[in-house]
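Everything on this sheet refers to the single structure shown next.
Counting starts at 1 for both ligands and their atoms, following the listed order. What you see is a predicted model, and the numbers here were worked out from it, not measured in a lab. Numbering starts at 1 and runs along the sequence shown.
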Amino acid sequence: MTQVKLDVIQDHFGAQLNDLFGIFFEDLNHAADGGLYAEMIQNRSFEFEPVDHEGYHETYAWTINHSDQAVISTDQPLNSNNLHYLAVDSGEDGITMTNHGFNQGMFVQKDHTYLFSMFASAKEKSVVQVFLENSQHQQLSPTAVIAVNVPGWKRYQTTIKASQGNAEGRLVVKVLPDSHINLDMISLFPTDTFHHRENGVRRDLGEALAAMHPKFMRFPGGCLVHDGTLDPDDRGSMYRWKNTIGPIEKRPTRRNKWDYNQTLGLGYYEYFQLAEDLGAKPLPVLPGGYDPHHNRKVPIDQLQPWIDDALDLIEFANGDTDTKWGKKRAELGHPKPFGMEYLAIGNEEVGQAFFDRYPYFHKAIRERYPNIKLINTSGPFSSGGEFDRGWRSARENGSDFVDEHYYASPEWFLANVNRYDSYPTTGPKAFVGEYATKGNNWYNALTEACYMTGLERNADKVGLACYAPLFCNIGYPDWKPDLIYFNQTSVCKSVNYDVQKMFMKYQGTDNVYFKVKGMAAPDVKDPAVINGGFGFSSDHSVVQLSNIRLTELDTGVVKKFKNITIDNEESQKLGKTSSSHYEIDFNAVKVGGNPTKGFKLNFGDSDSSKSSYSWLMGGTDNGDSMIYNNNAHGGSVWDQHAWHLPNKEACHFKIEVNRRHVKTWINQVEFNRIEILPTKISPMYLNVTYDRNSHQYYLKVINITDDTQQLSIPSAIFKDGTLLSLIGKRLSHNEIDKASVITIDKKKVLKKQIEVAPYSANVLVSRYMDVDLKK
Ligand code: AHR
């Protein structure tokens, strides 16, 4: 085995890493309600409706024994945002209402104290008993008694201490006989929240975040932010921050984009508070007056309230307490500013409508708050027309960052480890606001680690990066993979989490120059040329194809193929080529099928390669022309352009493949243009940083091969350092309530050489070392 030698130029520092690695919180997979937000009651204000989720109703998650004596009313609501309440006439027997919480029930812990509260009104004396029980109706706590004799709405609260624990607990509210009472906002919180915040977050989940040491927290979405109507008072409105602050009983309930009810109990004040508790800088994302999912747009002459939302948010976060919104923050309990530095307008926007609006936000914010770093957006894919449009807008407007998103296979990530090497060092920086390989196996996590060494190395071009999504309640998955899974009792940190934690905890402040000698050339996993079989597949469309022609540009051979029609999910193979430079052109007309679907030209189907390639015309709700490839680990979009496959209108299509360069034209207009990079596996992936706070050097080394790698290290820096290794099996992954599959190894480094275990992510932490930073 070759000896690889690392030389580090000890006092030669490169780009600063600043706030490079952070987290991204979005309320999907019940990440907020039923997740991080510690509220244990599901449907506390009787506002669940089928519009939020099929099967919801106003007493969803509640069992009421005499339901004819406890009815939903809106006659005298608590307030105009909280219309439904339970009107109880308990009769001779009284009534019993039980809330089942989320998942299998509430996690009741012995000797823990819970804060019960409710809003109630009663013309005559009414008595309510409250206690916890298990699913077999065995009581888990003493009974608390609340007497209500006030005709107007009033908040009542009491604490309940659990005398027994149970993972499937319920809250029981008994209204004693002969009571006439209205009830709303029935809430139960553990008092032991993360940092003991009222209306706070679950301790175990908060601690999982804190252990990563994120430098920033992006929130509250994602598509959650921009999917919705334009009217902030609509139940289905976009995420408007002003709806999410103040007394929780006054916050409106909302349909969550991810198909459930959103109480907004975890709102902007709580997010800022959480970021502060985590030591992470808050990075809010605001909608830009445009919903790309439904093509809703605010007329430009009506944009001012949206711009004001952005300006007011900055004042809310940072303003003095004598400003309108700074005062509001102080009234909520935080006179000190939150110190917000970053603000994103829009989330992976597609379409010119966003970019017509962005400059108005940008200009107004820059003028009033020149120090706020503004983040523009570049769509959901790593390359193509929408991506370029976002970057163009960022350059034209002078945005500080461009938010890039991509979810792709481990192979895509390995092929793109050097993606940012060629980015410019001037102009906006990249913010990799959402990325993940498509899986939670150790190999996925390791390839993410390899990629992160590339992000670190290019910290002069990449300013911020966060894995997505963060949380998933395993009872309510909308999107996988995620970083942290949980149910009501347990937290399961994925193996990807271990990697994120390593990179955040040992990020460092400065890159350090290093040289590597003796590293073997990477193992190239894909052929140099994409060729082989080709044909067509329908994606639930009926498409007639004619004049199909293969032109081999290197040999001059032209082959013609018979006309075909494809339907439903049908695939037809047409021919083969061994040419390294060829074109396929054809006419196509969609004559039927699903209007939101298109069709594919499959190409590069070779027996030797485990990858297949497609040009999808009419992808993503018939809005895209995209080039992607599939392999055993999932699909990766390499290039995307906005385009719509018209109905009953013939178009001419052409694709040119030159080795691994692919170009497409529709009606003679160029659309996609991309080099599909081959997957390469290096023996090791490395980067070196220094941390001005801990005065230590960090060497990250990732090995995704089957072999132990030997690395000779500069002993002047790393002698007596500590090597921390995360070691696992390629396909292993963590499961809830089971021990982690990752071995954590920690050893003192006494020699000039370290052994880097197969399938391991490592950080070598030097001893305390002072460096002359003025050099
Ligand atoms: O992270 C999940 C989703 O992926 C986000 O909401 C969206 O921005 C992206 O498409």
Side-chain angles (χ1 to χ4, degrees), residues 22-33 35-36 209 214 216-228 236-239 254-260 262 266 271 283-288 290-295 342-351 354 375-384 386-387 390 401-409 412-413 430-440 444 448 464-473 476-485 494 496-497 500 619-621 623-624 626 628 634-637 640 642:
I23 52 176
F24 164 47
F25 179 89
E26 175 164 14
D27 184 10
L28 82 167
N29 306 318
H30 276 262
D33 291 302
L36 186 63
L209 299 183
F216 68 88
M217 181 174 94
R218 177 179 184 243
F219 66 90
C223 291
L224 179 93
V225 169
H226 65 188
D227 181 294
S237 76
M238 288 185 203
Y239 197 98
R254 284 288 174 264
R255 149 215 160 262
N256 180 307
K257 182 253 165 332
W258 298 100
D259 197 23
Y260 55 91
Q262 186 170 248
L266 183 62
Y271 282 123
L283 192 163
V285 183
L286 291 179
Y290 171 59
D291 169 0
H293 300 268
H294 305 93
N295 199 19
Y342 300 106
L343 178 62
I345 303 296
N347 163 69
E348 61 177 47
E349 310 294 350
V350 171
F354 173 77
I375 302 171
N376 206 322
T377 163
S378 65
F381 302 106
S382 58
S383 165
E386 294 307 302
F387 179 85
F401 292 91
V402 182
D403 188 6
E404 297 190 349
H405 294 180
Y406 34 81
Y407 297 92
S409 66
W412 184 94
F413 277 84
F431 166 24
V432 192
E434 293 183 26
Y435 73 94
T437 64
K438 295 183 165 175
N440 285 128
N444 293 87
E448 286 156 8
L464 305 158
C466 46
Y467 179 99
L470 186 57
F471 280 125
C472 178
N473 181 326
Y476 310 92
D478 302 306
W479 180 293
K480 282 185 177 176
D482 304 281
L483 201 63
I484 302 171
Y485 296 86
S494 66
N496 316 65
Y497 170 96
Q500 291 293 323
T620 334
D621 294 336
D624 290 330
M626 52 170 71
Y628 72 91
S636 304
V637 174
Q640 173 266 3

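- Without hydrogens or angle criteria, Ser636 side chain to Ser409 main chain gives a donor-acceptor distance under 3.5 Å.
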May I have every N or O pair linking ligand 1 to the protein at under 3.5 Å, one per line with atom names and distance?
unit_1: ligand 1; atom_1: 1 (O); unit_2: Tyr407; atom_2: OH; d: 2.8
unit_1: ligand 1; atom_1: 1 (O); unit_2: Glu434; atom_2: OE1; d: 3.2
unit_1: ligand 1; atom_1: 4 (O); unit_2: Glu434; atom_2: OE1; d: 3.0
unit_1: ligand 1; atom_1: 6 (O); unit_2: Glu26; atom_2: OE1; d: 2.6
unit_1: ligand 1; atom_1: 6 (O); unit_2: Glu26; atom_2: OE2; d: 3.1
unit_1: ligand 1; atom_1: 6 (O); unit_2: Cys223; atom_2: N; d: 2.8
unit_1: ligand 1; atom_1: 8 (O); unit_2: Asn347; atom_2: OD1; d: 3.2
unit_1: ligand 1; atom_1: 8 (O); unit_2: Asn347; atom_2: ND2; d: 3.1
unit_1: ligand 1; atom_1: 8 (O); unit_2: Glu348; atom_2: OE1; d: 3.4
unit_1: ligand 1; atom_1: 8 (O); unit_2: Glu434; atom_2: OE1; d: 3.2
unit_1: ligand 1; atom_1: 8 (O); unit_2: Glu434; atom_2: OE2; d: 2.7
unit_1: ligand 1; atom_1: 10 (O); unit_2: Glu348; atom_2: OE1; d: 3.3
unit_1: ligand 1; atom_1: 10 (O); unit_2: Glu348; atom_2: OE2; d: 2.6

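- Side-chain polar atoms of Asn440 and Tyr485 form a donor-acceptor pair below 3.5 angstrom.
- Between the Asp482 side chain and the Ile484 main chain, no donor and acceptor come within less than 3.5 Å of each other.
- Between Leu224 and the options Asn256, Asn347, Leu28, a side-chain contact (heavy atoms from CB on, under 4.5 Å) holds for only Asn256.
- For the pair Asp403 and Arg218, the salt-bridge criterion is met [side-chain N within less than 4.0 Å of a carboxylate O].
- For Trp479, the ring pair (Phe, Tyr, Trp, His ring centres under 6.0 Å) test picks out Tyr407, with sequence neighbours left out.
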